[in-house]
Chemist: 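Before I ask anything, let me first share the structure, which is written out below as structure tokens.
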Amino acid sequence: MKLINAYKQKIRQNCIDSRTGKTDRVEYWQDTLFCGTMEIMIPLSLIAVIPGVIFSFTSKVPLLAILDLLAFLWLWLVGFARLPSVNTRKFLFVFCLYYVASYMLLYLGINGPGLLFLFAAAIFALLILPVSYAWWWSCINLSACLIFALVLHWDLAPFAVVNEIPVSEWMVVSSNLVFLSFTFSFLLPKLMNGLSGSMEKQRLMQMDLYDKNSNLEQYASIISHDLQTPLRTISGFLNLLEKKYGNSLDDKGKEYIHFAVDGSAHLQHIITGLLDFSRAGKYDAGKFEEFSLREVAGQVIQLLKGQLEEKAGEVRCESELMLFSNRSAFMQVLHNLVGNAIKYSRKDVPPRISISVQDGIADWTIKVEDNGIGIEEEYFEKIFIIFQRLHSRMEYEGTGIGLAIVKRIIEKLNGRIRVESTPGAGSSFYFTIPKQND
Ligand code: ADP
């Protein structure tokens, strides 16, 4: 297994140009196709060499075995030798196919796989090499067919049986190959250009979206920052008003002041929430570190100690998992989820919260499970949208920003989040953290 992985890694390293290593470029997919072809073809050609060698000895043409072995060696060099560029490898690969086609034609004529190899060479070349060379391959095929017609005409093939093929028969068969080669030289570049164009469009749209997003983030950050100062003044004066003149006001007046104080406190929460939201996910990649899930859960429990004691709640985390991610971002995620699990507990049922881990192929899935009020299935997506709440503030205090922040952080950390829940029984939030975070 280790050997196979090392083999694949070496081929990948040699056959995919790291400079075009972006999935939004056609060149990347051309390299990937070439890499996949090499990965399969090297071991397969080794298997194909065996019947070739046997045939060459039974039909007393040892040269055929040597030519077969040379083709294998050629392929091996394309995959593993030190060569100046990936394109050089691709050209050598295509010429290796032409080489195989030539000796197959010379030794086996129309009955051998020579014609198939000619066609395959053109198709591979069209798929993996720049489209600017598209007409080369059909022209090479045309020339190869003409040269072979001359070989037949002058009886130059090393094998007598091959020389017996009438030139007219060869012309009929090979003209089909030439026709198909030209058709594909015309069609495949159209496909490649179309793909390249739509990928480029998508890339530009993504960049535009990124720009707009960061402008919006900046905007939200500035607005919420600027709103904080006048809001603090309003709250301060409202509190003063209540303290100083509270006694001289009638019940209605006291109630109005209470509403105003409460409203400004709520607005304050929204503004801080918005600020947190605009900052969420803006992390320094250098701040990625290894940390223990249990340790971070312990810190979150400490921060939420008051709420937990108030409801006689309990949080359990027995995992020994070590994560590699942004510790403070991860802590905020856990803090929001556990905080919600305590807040949305059922009346007279003490919250029981458990944090556990599931092992995936490329990532860890962290599960935060509670025995709270639960969520109806139709709201599973909605709750992650900013300002979307399922309850009034009279029922449960909140701003509807917490889960939006969680989702944003998780996505910035290259993960995903989802919820499963049974109303009246509890909810489970699942989020993933990549095992390797680049
Ligand atoms: P907030 O708690 O401030 O309302 P959130 O974004 O954290 O905002 O949550 C959005 C909504 O999702 C909440 O209003 C609540 O209805 C629902 N919710 C979140 N967590 C839970 C949970 N553990 N159990 C039940 N409902 C939840």
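Numbering of ligands and ligand atoms starts at 1, following listing order. Residue numbers start at 1 and run along the sequence shown.
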Chemist: Note the single closest protein heavy atom to atom 23 (N) of ligand 1, along with its residue, its atom name and the distance in Å.
Modeler: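 Answer, as residue, atom name and distance: Asp370 OD2, 2.9 Å.
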Chemist: Taking Glu411 first and then Arg408, would you say they form a salt bridge - that is, a charged N and a carboxylate O separated by under 4.0 Å?
Modeler: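 So Glu411 does not pair with Arg408 through a salt bridge.
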Chemist: Which residue and non-hydrogen atom of the protein lie closest to atom 12 (O) of ligand 1, and at what distance in Å?
Modeler: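 Sorting protein heavy atoms by distance from atom 12 (O) of ligand 1 puts Ile383 CG2, 3.2 Å first.
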Chemist: Given that the side chain starts at C-beta and the backbone is N, CA, C, O, which of these parts of Phe384 lies under 4.0 Å from ligand 1, counting heavy atoms, or is it both or neither?
Modeler: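 Looking at Phe384 and ligand 1, no heavy atom falls under 4.0 Å.
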Chemist: Please list the nearest protein heavy atom to atom 8 (O) of ligand 1 with its residue and the distance rounded to 0.1 Å.
Modeler: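 So the nearest neighbour among protein heavy atoms is Gly400 CA, 3.1 Å.
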Chemist: Which atoms from ligand 1 have a heavy atom of Leu390 less than 4.0 Å away?
Modeler: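 Numbered from 1, ligand 1 contributes 14 (O), 16 (O).
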Chemist: Considering only the protein, which heavy-atom contact is closest to atom 5 (P) of ligand 1, and what is its distance?
Modeler: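 Answer for atom 5 (P) of ligand 1: Leu403 N, 3.6 Å.
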Chemist: Can the ring centres of Tyr99 and Tyr103 be said to be less than 6.0 Å apart?
Modeler: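 Close enough - the centres of the two rings lie under 6.0 Å apart.
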Chemist: Checking a contact table here: which protein heavy atom is nearest atom 4 (O) of ligand 1, and how many Å away?
Modeler: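 Result: Arg389 NE, 2.5 Å.
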Chemist: Of all the non-hydrogen atoms in the protein, which one sits nearest to atom 21 (C) of ligand 1, and at what distance?
Modeler: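 Here the nearest protein heavy atom works out to Tyr344 CD1, 3.6 Å.
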Chemist: For atom 10 (C) of ligand 1, what is the nearest protein heavy atom, given as residue, atom name and distance?
Modeler: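 The closest heavy atom on the protein side is Gln388 O, 3.6 Å.
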Chemist: What atoms of ligand 1 come closer than 4.0 angstrom to any heavy atom of Lys343?
Modeler: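 Result: 1 (P), 2 (O), 3 (O).
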Chemist: For atom 20 (N) of ligand 1, state which one of Ile401, Asn340, Ile375 supplies the nearest heavy atom.
Modeler: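 Heavy atom nearest to atom 20 (N) of ligand 1 belongs to Asn340.
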Chemist: What I want to find out is whether Arg327 reaches Glu295 closely enough, with some N-O distance under 4.0 Å, to be called a salt bridge.
Modeler: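 Counted as a salt bridge, because a side-chain N and a carboxylate O are separated by less than 4.0 Å.
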Chemist: Can Ser138 and Ser181 be counted as having a side-chain donor-acceptor contact under 3.5 angstrom?
Modeler: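 The answer is no; no qualifying pair exists.
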Chemist: Looking at Phe93, Trp29, Phe91, Tyr28, which hits ring-ring contact (aromatic ring centres under 6.0 Å, His included) with Phe34?
Modeler: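 Result for ring-ring contact (aromatic ring centres under 6.0 Å, His included) with Phe34: Phe93.
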Chemist: Under a 4.0 Å N-O cut-off, is there an ion pair linking Lys435 with Asp359?
Modeler: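 The answer is yes: the pair qualifies as a salt bridge.
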Chemist: Would Asn326 and Ser328 count as having a side-chain donor-acceptor pair, cut-off 3.5 Å?
Modeler: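 Yes.
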Chemist: Looking at Phe431 versus Phe330, is the centre-to-centre ring distance below 6.0 Å?
Modeler: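 Phe431 vs Phe330: aromatic centres under 6.0 Å.
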